[in-house]
Q: 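Below: one structure in structure tokens.
Note that the coordinates shown come from a computational prediction; the quantities given were computed from them, not determined experimentally.
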Amino acid sequence: MTNNSARPKALIVVSSGSQLPLTKPEGGRSITIGWFLVELAAVLAQYEDTHDFVLATPDGKLPTLDINGMALAMHGGANLGSDLMRVAMQNEQYGVEEVREKNPELVARRDSELALLRRRLGRMPVSPVLPNTDKGGSLHP
């Protein structure tokens, strides 16, 4: 991150929520949650050359990246619906490497967003993978 005082700072507020209760009263079952890379990457990419970023949460806790949003289909951009369906069907038929080979544009977009995240935000907590999550969503090459 550049410390050039001539660049304006952009405050980005995200939730630090990491658990979504599924039952009441609290303390019952819950699932892990966090923020999705594709949502934040769009803002970072648009302003990274002109602004420095300050990431904050309402309660001051570290935000959690939702690993489940790393699934290739989530990086479809304007084609999110069709990509989601296509990749979901491929996941049923093929292994992780085959799904990646069949979707080089989604792999490239996700890689680009991850590089942007590393440049601008550094390290932060990552949520666990939910059961039955897209195997092609792994962060590992």
Q: With rounding to the nearest 0.5 angstrom, report the CD to CG distance, Glu113 to Leu37.
A: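 With rounding to 0.5 Å, CD (Glu113) is 5.0 Å from CG (Leu37).
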Q: How about Ile12 and Val54: do any of their side-chain heavy atoms sit closer than 4.5 Å?
A: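 Heavy-atom side-chain distance check fails, nothing below 4.5 Å.
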Q: Between Arg109 and Glu105, does any side-chain N to carboxylate O distance fall below 4.0 Å?
A: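 Salt bridge flag = no for Glu105 with Arg109.
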Q: Check step by step if side chain to side chain contact (heavy atoms under 4.5 Å, CB included) holds for Ser30 and Leu20.
A: CA-CA 5 Å; Ser30 66; Leu20 177 65; 5.7 Å; no
Q: Is there side-chain contact between Val13 and Leu55, with at least one heavy-atom pair below 4.5 Å?
A: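 No, their side chains stay 4.5 Å or more apart.
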Q: I need the minimum non-hydrogen distance between Asp66 and Thr32, along with the two atoms involved.
A: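 Looks like OD2-O, 4.4 Å.
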Q: A side-chain contact here means heavy atoms from C-beta on lying under 4.5 Å apart; do Arg7 and Thr50 qualify?
A: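 Contact flag for Arg7/Thr50 side chains = no.
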Q: Roughly how far apart are Ile33 CD1 and Ser18 OG, rounded to 0.5 Å?
A: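 If we round to the nearest 0.5 Å, Ile33:CD1 and Ser18:OG are 7.0 Å apart.
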Q: One pair to check against side chain to side chain contact (heavy atoms under 4.5 Å, CB included): Ile31 and Gln19. What are the steps and the verdict?
A: CA-CA 6 Å; Ile31 59 172; Gln19 294 290 316; over 6 Å; no
Q: Less than 4.5 Å apart, any side-chain heavy atom of Arg100 and any of Arg110?
A: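 Arg100 vs Arg110: side chains touch.
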Q: Once rounded to the nearest 0.5 Å, what's the spacing between atom NZ of Lys102 and atom CD of Glu97?
A: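 These two atoms lie 13.0 Å from each other.
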Q: What are the two closest non-hydrogen atoms of Pro63 and Ser15, and how far apart are they?
A: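 Heavy atoms of Pro63 and Ser15 come nearest at CB-O, 3.7 Å.
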Q: Using a 4.5 Å cut-off on heavy atoms from C-beta on, say whether the side chain of Trp35 contacts that of Thr64.
A: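 Not touching, per the 4.5 Å side-chain cut-off.
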